[in-house]
Structure formats: structure tokens, C-alpha cells
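Notes follow once the structure below has been shown.
Everything numeric in this text was worked out from a predicted model, so none of it was measured. Every heavy atom of this structure was used, including side-chain atoms; hydrogens, water molecules and symmetry mates were not.
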Amino acid sequence: MYKKLLVLFIIFTLFIIPILVRQAPELKLVEQREEKYCDVLITVIGVDEPIPLEEYVVGVVAGEMPADFHPEALKAQVIAARTYAARNTDKGVKPIAKDVSAQVYRTEAERKERWGKSFKDNEKKVRQAAEATEGEIIVYGEEIISAMFFSTSNGKTEAAQNFSGNPVEYLQSVDSPGEEDVAPTVERKQELTLTEWNRKLGFNWNANQFRELQLVRNQTGRVQKIIAGPYETSGRQIREKLHLASTDFNIAYDVNNQIVHITTVGYGHGVGMSQYGAEAFAQKGWTADQILSHYYTGTKIQKINLPEDRCLKSP
């Protein structure tokens with residue numbers, strides 16, 4: 001009996017163990033493939049070399065949001081910036097501008113110059129927000145959304161239809177409370193001489209136009225249309241021509257001194273995520289996911305994906 005067991009053991013040693021040894025490297029290769037990730041290279045106009053998406057969003061958040069914001073607000077901004085880049089570059093296929101015509105990107109050298117002694121602390125905070133949300137983008141159904149964002153609201157965000165004339169399901173008007181408690185400035189005032197006013201608008205106003213002036217507001221409190229006798233245009237056009245902070249504005253005319261007084265509430269186009277609104281929500285305990293789902297109606301967050309032949313492989 002003992003001899004039979006010994007023979008079986010020898011057979012097992014000679015034939016089975018070599019098979020297991022030959023299989024081991026294959027199992028290791030599978031593990032290595034699973035650990036590899038897929039990144040996107042972003043070409044920024046004016047920057048010499050393409051930038052990995054995860055590095056790019058660090059530069060965007062540095063350019064678009066104060067680094068001392070709550071970590072959850074920073075995470076929300078990172079995800080919005082990554083989503084904006086993924087959509088507007090077709091996941092790295094097309095170049096993107098470096099300035100406000102797209103989203104502001106600051107290089108590491110620019111961040112060092114801007115932050116000075118605070119560079120290390122600020123850089124750490126922004127990078128932590130990027131690393132915590134690596135690869136996450138916002139989608140509506142299967143579509144990467146147009147992740148519009150702006151600085152400060154008037155208590156509500158603007159609906160895309162009011163801004164552009166085109167309805168977008170996930171860019172609806174939502175409440176954005178508490179911004180006056182966290183934003184340094186919500187209301188702004190400026191003055192223009194009547195000459196400056198007419199030059200910028202390209203129309204010869206006089207006291208009669210100001211007496212007839214009507215500001216037609218939409219449901220968010222912003223000026224949708226301005227009418228003054230024969231003069232009629234959109235609130236958006238007035239904002240752009242006069243470089244106003246927002247389309248929630250009031251106009252008063254000083255007849256004696258021929259001065260136009262303009263008061264605005266909020267800052268930016270008002271569509272999508274309010275940055276100071278995100279900060280207000282984060283300070284109340286909201287997570288980045290909750291903030292984004294509030295401002296982008298009916299959306300969800302998922303990892304960005306690319307066809308395998310466009311992936312950058314790295315161990």
C-alpha cells in the first residue's frame with residue numbers, strides 16, 4: 001500500500017506541478033492587464049505638449065475656482081471640468097482653447113506665480129479633488145453633457161432655453177440658495193455716460209428712451225428682453241455689449257448729469273452649476289455627487305471610456 005502511494009506522489013510531482021508553474025505567468029499577466037488604465041491626452045491651444053486629462057483638470061480648477069473652497073465643491077468642479085473637456089475635445093481628438101472661450105487652464109508655472117507661498121497647499125487640495133474623482137464625468141442617458149458652469153447666481157440658475165433659445169433637458173433652472181453668505185460680491189454697480197452707453201449699444205438714446213424703457217424678465221428674474229420705443233434687443237445682447245456681470249440687471253437714468261446707473265445681481269451666464277452655489281451647498285454637508293445632480297437635472301456620474309485603440313497604456 002505504501003509503495004502505491006509513493007508511486008502516485010511521484011507521478012503527481014512530475015506531471016502536475018510543472019503544469020501549475022507554466023500557468024502562473026499567465027495569471028500574472030492577466031492581473032497586470034487589469035491594473036492598466038486608460039487616459040486621454042488633451043491638446044490645449046498655446047501649450048506645447050498634449051496634457052493627460054487628469055493633469056489638465058488640475059490646471060482648469062486652478063483657473064476657474066478658488067483653491068480654498070470646500071473639498072466637495074472642488075470635486076464637483078473637477079468633474080464638471082473633466083466632462084466639459086471630454087465633450088468639447090471629443091475625448092482628446094480636437095484641441096481646446098486655454099481661456100474663457102472654453103475653460104481657463106493654468107500651467108504649473110502659472111499656478112506657482114499666481115499662488116506664491118500658497119502653491120504647495122493649494123496644489124495639494126486641487127490634486128486631491130482630482131485623484132478622488134479620477135476619470136469621472138457627467139452623462140445624461142448615454143450622452144456626455146455640456147457641463148456649463150459660472151460664478152454666482154441671483155438665487156436661481158438660468159434655463160438653457162432662456163440663454164440660447166434651445167431647450168436642454170439637464171440644463172433647467174434650479175434654486176441656488178445661500179450664495180450671498182459665501183460669495184464676496186453678489187450685487188455690483190456701474191455707471192456709464194450717455195455717450196458711452198450710445199457708443200456701446202450703437203443706438204442714439206435720449207431721455208425719452210429711458211422713460212419708455214421696459215425690462216421684460218423671465219421666470220429666473222433675469223432680463224429676457226429690453227424694449228425702449230423703437231429699440232428692442234435681448235438681455236443677453238445688452239450684457240455682452242455693456243460687459244455686465246449678469247443678465248439680472250436694473251437701469252436708471254440721471255437726466256441732469258446724463259449718467260446711466262446699472263445694478264447687476266450674480267456673475268456669469270447663469271446656466272449649469274453655480275460655483276459659489278456649489279460652495280454654499282458643500283458647506284451645508286452636500287457631496288460633490290449631490291451638488292452635480294442638483295445643478296444638472298436627471299444626470300448621473302460614470303467613468304470615462306475610450307475605444308481600446310485610443311487608450312494610453314501604463315502599468
Expected output: side-chain Asn198 to main-chain Trp205 donor-acceptor under 3.5 Å
yes
Is [X] linked to [Y] within one hydrophobic cluster, defined over Ile, Leu, Val, Met, Phe, Trp and Tyr using a side-chain heavy-atom separation of less than 4.5 Å?
| X | Y | result |
| --- | --- | --- |
| Val60 | Met148 | no |
| Val139 | Val40 | yes |
| Val104 | Val271 | no |

Is it true that Glu232 and Lys225 have a side-chain N and a carboxylate O under 4.0 angstrom from each other?
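Looking at Lys225 together with Glu232, the answer is yes, because their closest N to O distance falls below 4.0 Å.
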Mind checking what makes salt bridge (Lys or Arg N to Asp or Glu O under 4.0 Å) contact with Arg127, not counting sequence neighbours?
Glu55, Glu123
Output all residues satisfying salt bridge (Lys or Arg N to Asp or Glu O under 4.0 Å) with Glu240, sequence neighbours left out; order by chain, then residue number.
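Testing Glu240 for salt bridge (Lys or Arg N to Asp or Glu O under 4.0 Å), a comparison that skips the adjacent residues, returns Arg236.
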Closest contact, heavy atoms only, [X] versus [Y]:
| X | Y | answer |
| --- | --- | --- |
| Ile96 | Tyr56 | CD1-OH, 3.5 Å |
| Tyr295 | Ser274 | CE2-N, 3.8 Å |
| Pro95 | Ile45 | CB-CG1, 4.0 Å |

Side chain to side chain, [X] and [Y], heavy atoms closer than 4.5 Å:
| X | Y | result |
| --- | --- | --- |
| Phe210 | Ile251 | yes |
| Trp197 | Ile262 | yes |
| Thr233 | Ile238 | yes |
| Ile301 | Ile137 | no |
| Lys120 | Asn122 | no |
| Asp289 | Lys300 | no |

Other residues, nucleotides and ligands only: do more than 12 of their heavy atoms fall within 6.0 Å of CD on Gln190?
yes
Are more than 12 heavy atoms from other residues, nucleotides or ligands located less than 6.0 Å from atom NZ of Lys200?
yes
Quick check on side-chain contact (heavy atoms from CB on, under 4.5 Å): which of Thr287, Ile79, Ile145 does Leu292 satisfy it with?
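Testing Leu292 for a side-chain contact (heavy atoms from CB on, under 4.5 Å) against Thr287, Ile79, Ile145 leaves exactly one candidate, Ile79.
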Before giving the answer on ring pair (Phe, Tyr, Trp, His ring centres under 6.0 Å), spell out for Tyr253 and His261 the whole-Å C-alpha distance, their side-chain angles and the decisive distance to 0.1 Å.
CA-CA 6 Å; Tyr253 181 58; His261 298 271; 8.8 Å; no
Before you tell me yes or no, could you show the steps for Tyr267 and Phe150 under ring pair (Phe, Tyr, Trp, His ring centres under 6.0 Å), namely the whole-Å CA-CA distance, both residues' side-chain angles and the distance that decides it to 0.1 Å?
CA-CA 7 Å; Tyr267 193 93; Phe150 64 100; 9.6 Å; no
Cationic tip of Lys112 within the cone over Phe119's six-membered ring, i.e. under 6.0 Å and within 45° of the normal?
yes
With sequence neighbours excluded, give me every salt bridge (Lys or Arg N to Asp or Glu O under 4.0 Å) pair touching residues 252-281.
none
What verdict does the ring pair (Phe, Tyr, Trp, His ring centres under 6.0 Å) test give for Tyr170 and Tyr140, after you've listed the backbone C-alpha separation in whole Å, the side-chain angles of each residue and the deciding distance to 0.1 Å?
CA-CA 7 Å; Tyr170 52 82; Tyr140 183 82; 5.5 Å; yes
